[in-house]
Amino acid sequence: MAYDYKNIEPKWQKIWEEKHAFEAKNDYSLPKYYALVEFPYPSGQGLHIGHPRPYTAIDIIARKKRMEGYNVLFPIGWDAFGLPTENYAIKTHIHPAVITKNNIAHFKEQLKKLGLSFDWSREINTSSPEYYKWTQWIFLKLFEKGLAYKKEMSVNFCTSCKVVLANEEVVGGVCERCGGEVVHKVKSQWMLKITEYADRLIDDLKDVDFIERVKTQEINWIGRSYGAQVNFKTSEADEITVYTTRPDTLFGATYMVIAPEHALVDKWKDKISNYAEVAAYREAAAKKSDFERTEMAKDKTGVKLEGVFAVNPVNGNRIPIFVSDYVLATYGTGAIMSVPAHDSRDREFAKKFGLPIVEVVAGGDVEKEAFTDVETGKMVNSGFLDGMEVAEAKKAIIAWLTEKGIGQAKTNYKLRDWVFSRQRYWGEPVPLVYCEKCGWVPIPESELPLVLPNLDRFEPTEDGESPLAAATDWVNTTCPHCGGPAKRETDTMPNWAGSSWYFLRYCDPHNDKALASKEALDYWMPVDWYNGGMEHVTLHLLYSRFWSKFLYDLGIVPCKEPYKKRTAHGMILGENGEKMSKSRGNVINPDDIVEEYGADTLRLYEMFIGDFEKSAPWSPSSIKGCKRFLERVEGLMYLAKGTGTTPKLERSFHKTIKKVTEDIDSMKFNTAIAAMMSLVNEINDAGAMTVDELKTLVKLLCPFAPHLAEELWSRLGETELASLAKWPEYDEAKTVDDTVVIALSVQGKPKDTVEIPLDADEDTAFAAAMKSEKFASLLEGKQIVKKIYVKNKILNVIVK
RNA sequence: GCGGGCGUGGCGGAAUGGCAGACGCGCUGGUCUUAGGAACCAGUGGGCGACCGUGCAGGUUCAAGUCCUGUCGCCCGCACCA
């Protein structure tokens, strides 16, 4: 009978559901394991062929842990607020809630067909009031603790989505989602003080098991640097404060640059003799979009502020001041001291404007290029610093600046506070009201959730006001503080809000008294293994670590870091090796694959396709090999007879159990499958196996191809589920053979092989080697200089 | 420019410093078939060979895909962050 996946798969999916087989137990005395995948955004396109890869991988981990006796939490839900749904609603005039409901139903059906062992009883939806009640609650706590504040500021604005974007959402100067042009707009925005957690977000990474590229990307994004702030006196009453990582080069500062937006430009309006020129430059800089600004990055432009100057505090030199857009208003103090001899950007600018280049660190050739090496240089032309190494000079100058009261050590970050407002409908309402008398006032906790009012138009206004502004009945309210008239905040939260704490909700998803009970959080947290995409490292991952730390500080979350281990999967590319996209016409639909090959084959293939962490192209022919393998396993039903072990196969089984067990733990799913394939080949060669052995194989296969495993398990007479059977164990002693084939080398080059007893000594090995004609003939008439024998590996002989 | 990663058959990919190419795809030949884009069996890095082969050039070592130095190429992230 042919491999009947079309009947087998729905049959077992139904049984699992009826038996509640994968629901986590609320018995907190059991050893726990929390396995997590990033919950999907239920888009209208349905599941992507890329989804099953990480989902199957963590499903395998969860299934194996379950078979090993752990109380496993492997939950799923929906990251359901977001722009694509809202944009679709605008186009079709269907309410986003309706679209979301339909999309979720579709996704759910698709996911269920894959046989993932999710605990569906804990399903959550970030757009449901029961859930976002607690998102709003966390926001109120952030507000209460001063970590949420409203600020007039220049923000990234996507001209196509008509929405404000966080820095993390601007990629390459354009909108991360739609690729639209991003411009700067000054708007009043809710901000979250993630910068307050910058140090901990870096430092605590040392205590978690994240893959290296995730750690480094987060560290680089936060961008911590150590340096100093220095105050420069000017010709006017005002000082200019700069931030520098190279205070040691202060003697080499020959001019200063301030950002076009710098406040002193306004203040000095009457002092700057060429103000018109400066103002024009400033206006031009403001008009540039982020994209233009990066495009023009190479060419330095700027204007000298005529009529004013600064004074270098170490040598009293009068130095000119420029405005230039290569200095960013948003980093450091928005002003720099320029040391053209030791910074390539400063040098480029100095060359263009004919400014002096003074070498203060010897070791390079500052005529040719900026010398930026901090390891080898020695200080020169620097008064009391002369002769020191760079590191030494840094300390000395900071001490000097501190003593004189004109500067101090300073740590800076590239990370900015998180822009948390969106002028959009389909998001969590911000639970605050504005009262003319009392300012921003939180609504009482008892009024949570603050439910999103029903609208029929979802367009933001042309000038970027939230669609909620039109819901006047909702907007106009009373101040909870003084009882006077007040208006609700009409901006909503960004789509990253709900996902910043969802892993906590899974621990206790139906709780209406708290975001989750203390007991549940204490038991389940932290997440033991979290897998997700690299694209979320500086977004969701960073944000959720921030919120989790905040909740840790409140005593709600029991652990400093929410995720013990974080891995990232590679993408599945189109057949042509390019990213799958509709426009490239290389999209594979998972429904078609499930239809044609079955979910078990899809799962197996996505795990077999290559290194889990690397991207791999889809191959329509390779997937057939995985199906053939499953058919061959099913075929073993007709071969398996009797109980006990087959002597020829016994060691192979122990080896395979060991290999599969270890490879799953280290995410080497491809080699785990290869090992099972080899075993099946061996069984077929042997032409015999026992029922007990087949049961072992079925259990090994179960996490990978659970439907077929259950089917065979029951056909073999078992009445309980294979998915809950005990994971096979191996005997270490039986994972090795009693003989071993070693290589025989002469002069380091392998010439022949010989089979000898395991752990044989050198003399035995050499005696056996001499029985090899080829090997012996190569030694004939030669003098043996040296014998190198590595037990069970190689015998190498050096001759003269 | 900075940070991270990667270069192995026709393809996807295996290899605690110890016989390079496991496993799978594809391909070739065969068996069975009215037929096969099914199944099964055998073979499959190159070269007639001694030998030669892991981007390239060196080095360390008895032994290098693996370690070190340099170099070329590709991918990802950040990008004037002082």
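Basis for what follows: all heavy atoms, side chains included, without hydrogens, waters or symmetry-related copies. The sequence lines fix the lettering, A, B, ..., with proteins before strands; numbering per chain opens at 1. All of these numbers come straight from a predicted model, not from anything done at the bench.
- The aromatic rings of A:Tyr243 and A:Tyr331 sit perpendicular to each other, their planes meeting at more than 60°, with 30° as the lower class boundary.
- Phosphate contact (OP1/OP2 of B:A14, side-chain N/O of A:Asn670, threshold under 4.0 Å): present.
- In this structure, the CE atom of A:Met607 is 14 Å from the C1' atom of B:G12, given to the nearest Å.
- For the OP1/OP2 pair of B:A39 and a distance below 4.0 Å, the side-chain nitrogens and oxygens of A:Lys624 include no atom meeting the criterion.
- For A:Tyr331 and B:A82, the shortest distance from a side-chain N or O to OP1 or OP2 is below 4.0 Å.
- Rounded to an integer number of Å, the gap from A:Glu631 CD to B:A38 C1' is 10 Å.
- Residues A:Phe629 and A:Phe608 keep their aromatic ring centres 6.0 Å or farther apart.
- Distance from the side chain of A:Lys300 is smallest to B:C80 among B:C80, B:A82, B:C62.
- Listed candidates were B:C40, B:A82, B:C23. Nearest to the side chain of A:Arg632 is B:C40.
- The side chain of A:Ala674 lies closest to B:A22, out of B:C19, B:G18, B:A22.
- Whole-Å rounding puts the A:Ile609 CD1 to B:C23 C1' distance at 15 Å.
- Listed nucleotides: B:A15, B:G26, B:G77. Nearest to the side chain of A:Thr671: B:A15.
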Please produce a list of atom pairs where a protein N or O lies less than 3.5 Å from an N or O of nucleotides 63-70 of chain B.
none

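- Donor-acceptor pairing under 3.5 Å, judged by distance alone, is absent between the side chain of A:Lys414 and the base of B:C78.
- The distance from atom CG of A:Asp611 to atom P of B:G7 is 10 Å, rounded to the nearest whole Å.
- Out of B:G24, B:C19, B:A82, the shortest distance to the side chain of A:Ala743 is found at B:C19.
- Counting any heavy atom pair closer than 4.0 Å across all strands shown, A:Ser619 reaches no nucleic acid atom.
- When the side-chain nitrogen and oxygen atoms of A:Asn681 are compared with OP1 and OP2 of B:G24, one or more of them lie within a distance under 4.0 Å.
- Separation of the A:Tyr605 and A:Tyr597 ring centroids does not fall under the 6.0 Å cut-off.
- For the pair A:Ile673 CD1 and B:A14 P, the computed distance is 12 Å after rounding to whole Å.
- Atom NZ of A:Lys627 is separated from atom P of B:A38 by 11 Å (rounded to the nearest Å).
- Between the P atom of B:C78 and the CD atom of A:Glu535 lies a distance of 11 Å, rounded to the nearest Å.
- Of the candidate nucleotides B:G12, B:G18, B:G3, B:G18 has the atom nearest to the side chain of A:Ile794.
- Between the CD atom of A:Glu575 and the C1' atom of B:C25 there is a distance of 12 Å, rounded to whole Å.
- Within the 4.0 Å cut-off from OP1 or OP2 of B:C40, not a single side-chain nitrogen or oxygen of A:Arg628 is found.
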Subject >> Derivation and outcome, side-chain hydrogen bond (donor to acceptor under 3.5 Å, both in side chains), residues A:Glu682 and A:Ser652 >> reply: CA-CA 8 Å; A:Glu682 268 185 70; A:Ser652 298; 2.5 Å; yes
